[in-house]
Amino acid sequence: MLVGRLRQGEAEAFDQIYAVFNKPLFTFLIRLARHRDVAEDLHEETWLRLVKHADRLHADTRLGPWLFTVARNLYVSYRRSRALEDSAAAGLIGLWPFGPRETSPFEKTAANELERRIERALAHLPAASREVLLLVGISGLDQSEVADICGITPAALRQRLHRAREMLAQALDRDAVAPSVLEGVPSCPTR
Amino acid sequence: MSDPVITRLAGLPAAEPDIIRSDHIRRRCHAHLARHTRRSPITSRLTKAERLAPVWQSLIAVLGLGYLTQAIRFALDVYGLT
């Protein structure tokens, strides 16, 4: 219904979709990318992809998984391009504006210690583990949809999720024992 | 979800997108939708498969008709009726 209206170019249909998914999508991207500037660019590109491809959407397309898939793929492309840049200019990395040791405003101002610890632990995980935790824990998608988004089988997702949970729990334990272990790891710069 | 780690994650505050930037994205998307709707009001409603359907349906009809014609000609030849 909503997809059909979007395919016809209805701005109101777009607004309804935007109202539902704008914040969860941005939350996913900012926690995945860990840099507000990057997340904002990827967020904008995701929405533009939706309207550019609106006429090719099937009537039964589930917009949540579609949007998160695009966002995740854009992030993977961004990481690949960054990896190439990093390998080509390893000596200049300190001059790059998205330095890995950057401390976000959120980290400075977050009131809740537990939230801060989770943010730090999450930021400490590899991207593949972080993305499954974010998609399952934050986006509200079910596991089969998350498996589709990540391009893996449900069994592989369960395994990856299990590992990611263990890694996060261990990171949280380490942080509880010695908070300095994860100090300096950038966390989610939410506002 | 009962898993404590996932529950903790779900409890994290949502990130707030910048209001000005969100509005900018919305306006860009509206503009794109309006442009696209003006350019192709009918075809924009159709998926690629739907647009191509008349083409392949016609092709199958032509091939089927050709095959049937040849089959009839062959049968007439066999019975010496041509």
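A, B, ... follow the sequence lines: proteins, then strands. Residue 1 opens every chain.
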Practice problem: Specify which of V51(A), L48(A), L50(A) makes the most heavy-atom pairs with chain B at under 4.5 Å. | Solution: V51(A)
Quiz item: Between L122(A), L6(A), L25(A), D15(A), which shows the greatest number of heavy-atom pairs under 4.5 Å with chain B?
Solution: D15(A)
Exercise. Below 4.5 Å from any heavy atom of chain B, which atoms of L133(A) appear? Answer side chain, backbone, both or neither.
Key: both
Quiz prompt | chain B contact via I118(A) - side chain, backbone, both or neither, heavy atoms under 4.5 Å | solution = side chain
Practice problem: Verify whether the ring centers belonging to W47(A) and F21(A) lie closer than 6.0 Å. | Solution: no
Basic-acidic side-chain contact under 4.0 Å: [X], [Y]:
| X | Y | result |
| --- | --- | --- |
| E50(B) | R7(A) | yes |
| R27(B) | D23(B) | yes |
| E44(A) | R21(B) | yes |

